Amino acid sequence: MPRFRAILDTMPAYRAGKAVVSADGRSYKLSSNESPYEPLPSVVEAVARAATQMHRYPDPAATELTGAIAERYGVPAEHVALGAGSVTVAQQLFETVSEPGVEVIYAWRSFEAYPLLADLAGATSVRVPLLGETHHLEAMADAITPHTRMIFVCNPNNPTGTVVHAAELEAFLDRVPESVLVVLDEAYREYVRDAGVTDGLTVYRDRPNVAVLRTFSKAYGLAGLRVGYLIADEPVASAVRKTIVPFAVNHLAQAAAIASLAAEDELMERVDAVVKERDRVREALVAQGWEVPVSEANFVWLRLGERTLDFAESCATEGVAVRPFAGEGARVSIGDPEANDTFLAAASAFWSA
Ligand code: PMP
C-alpha cells in the first residue's frame, strides 16, 4: 500500500451538510447556510454566456472580477486575492504562514474547517473555548506565544451566530503583535444588522496585519460555483496569491460573481428577507422556551448537549436537515418561510415531547 502522511490517520474528514427526505417526500435542507433563493436570471445568463468559452482556461488573475471587487469596496486591486470559495482562501492562508512549530489560534467551537486546514498545513491548532457562545478575545490574546503566526476571528461566528463588537475587537487587535496575521472571517457579514459590529474592511485599512475573508457563497447565492476572496494589505494579499493552485477560480464562477456584483441591490433585498426570517425564527423559538443566542448570520444555534442527535433525528423525520454537532448543539440555517415553519413545528414538537 502507498504510504501517506501520518496526520491523515488522525484527521477527521470535513462533514458537509446533507439533505434528508421525510416519509411523505418533503425535504428542507437547513444544514449548510446556503441561500434559499434560486439564482437570478441575469446571473444564469452570464454563466450561460461564459459557458460558450469553456474550452479555454479562465483568466488566471481573474482581472475583471478582482477589479469589480476592488471597485465595490473602494480598495486597490492589489489588496484582493481570490480563491475557489473562502475555505480555499483560508487554506491558502494556512499554507502562507505554516511551518512545523507554527501556532494558529482560533475560537472553539467555530468553523469546522480551521482544524482540518491547520493539520493539513502542518500548523499547530490552539483552540480557545468560547465564553458562553461568543469569542473570548481576551483569552485569545492571552494564548499568543512567540510561535503564533495567525489568529482567526470568525465574525459572526459559525455555528453560534454571535458577533464581536468594535471596542472589544480594537482592544484585542491592540494586543496582537504586528508579526501575527489576524484573519477576520466575515463569510456572513451581509446578514449583520447590529451597528456595533465593525466592518473588517474599515479595520484592515489601519492595520497591515489584518485580513478580511469574504465569500459569494452565502448572501450572493453562489455556493455551488465556489468563489471567495480576501482583502488585505498588499504584502499579505500577494503572499496569499502565491499559494493559489493555477486557474482555481473557474470561468463560469468568475462570470457569475461579476454578474452578482452587478445585481447586488436585488441580492441584498433577499438578504433583508432572510434577516427578517432569522429574527422571526429566533423569536418563535424563544417563545417555545428555547434559549437561542442572538444571531447576526443566516442561521440559529441551539445548545442541546446530549439531546443534539435526537433533535437532528426528529427534525429529519419532518424532512428538515439541520447541522448537529454531537454533544454540543445544532445549527439551523434560515430557509424560505415554509422550510422555517416546518422546522419550528419540529422544534416545538421536540420541546414538548
Ligand atoms: N467561513 C465560514 C465562517 C463559513 O461558515 C464558511 C462556509 N460554511 C466558509 C468560510 C467557507 O465558505 P465558502 O468556501 O463557500 O466560501
Side-chain angles (χ1 to χ4, degrees), residues 13-18 29-36 39 62 65 69 80-95 104-118 120 127 130 133-135 150-164 182-192 197 200 211-231 240 243-245 248-250 252-254 256-257 260-261 267 274 278 295-301 321-325 329-335:
Y14 182 80
R15 295 176 306 132
K18 293 191 193 83
K29 184 163 179 263
L30 303 182
S31 50
S32 297
N33 300 342
E34 293 149 334
S35 166
L65 175 55
I69 293 169
V80 180
L82 286 165
S86 59
V87 72
T88 309
V89 186
Q91 178 176 27
Q92 291 175 243
L93 282 160
F94 276 96
E95 295 295 337
V104 176
I105 300 173
Y106 49 86
W108 201 250
R109 174 164 291 276
S110 190
F111 182 32
E112 270 195 295
Y114 301 152
L116 304 180
L117 299 178
L120 272 179
R127 298 177 178 194
L130 296 173
E133 308 294 1
T134 317
H135 275 66
M150 186 162 68
I151 306 176
F152 268 80
V153 177
C154 187
N155 197 28
N157 188 44
N158 174 7
T160 56
T162 53
V163 286
V164 298
V182 178
V183 182
L184 303 176
D185 185 342
E186 297 188 339
Y188 302 98
R189 170 69 213 176
E190 293 83 1
Y191 301 96
V192 173
V197 179
V212 180
L213 204 51
R214 297 271 178 103
T215 181
F216 282 92
S217 295
K218 314 290 179 186
Y220 292 82
L222 299 183
L225 281 175
R226 319 301 306 123
V227 196
Y229 59 97
L230 164 137
I231 295 181
V240 169
T243 63
I244 196 168
V245 172
V249 185
N250 75 63
L252 307 187
Q254 291 185 31
S260 299
L261 284 173
L267 290 169
V274 169
R278 168 191 79 200
S295 169
E296 292 291 329
N298 65 342
F299 51 84
V300 290
W301 171 246
V322 304
R323 185 66 171 272
F325 297 92
R331 188 195 70 198
V332 188
S333 312
I334 301 304

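Model, not experiment: these values are computed from the prediction. We count ligands from 1, going down the list as the structure has it; atoms in each ligand are counted the same way.
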For this session: Fit a plane to each ring of Phe111 and Tyr114, take the angle between them on a 0 to 90° scale, and name the class: parallel (under 30°), tilted (30 to 60°) or perpendicular (over 60°).
Result: perpendicular
For this session: Look only at the side chain of Arg278 and the backbone of Val300, and say whether a donor-acceptor pair between them is shorter than 3.5 Å.
Result: no
Exercise. With sequence neighbours excluded, what pairs up with Arg226 under the salt bridge (Lys or Arg N to Asp or Glu O under 4.0 Å) test?
Worked result: none
Problem set entry | Any residue meeting salt bridge (Lys or Arg N to Asp or Glu O under 4.0 Å) with Glu95, in chain and number order, not counting sequence neighbours | none
Exercise. What residues come within 4.0 Å of ligand 1, counting heavy atoms only?
Worked result: Gly85, Ser86, Val87, Phe111, Cys154, Asn158, Asp185, Ala187, Tyr188, Thr215, Ser217, Lys218, Arg226
Problem set entry | Under 3.5 Å donor-acceptor, Arg331 side chain and Ser31 backbone | yes
For this session: With sequence neighbours excluded, tell me which residues meet side-chain contact (heavy atoms from CB on, under 4.5 Å) with Glu186.
Result: Leu184, Arg189, Asp199, Val212, Arg214
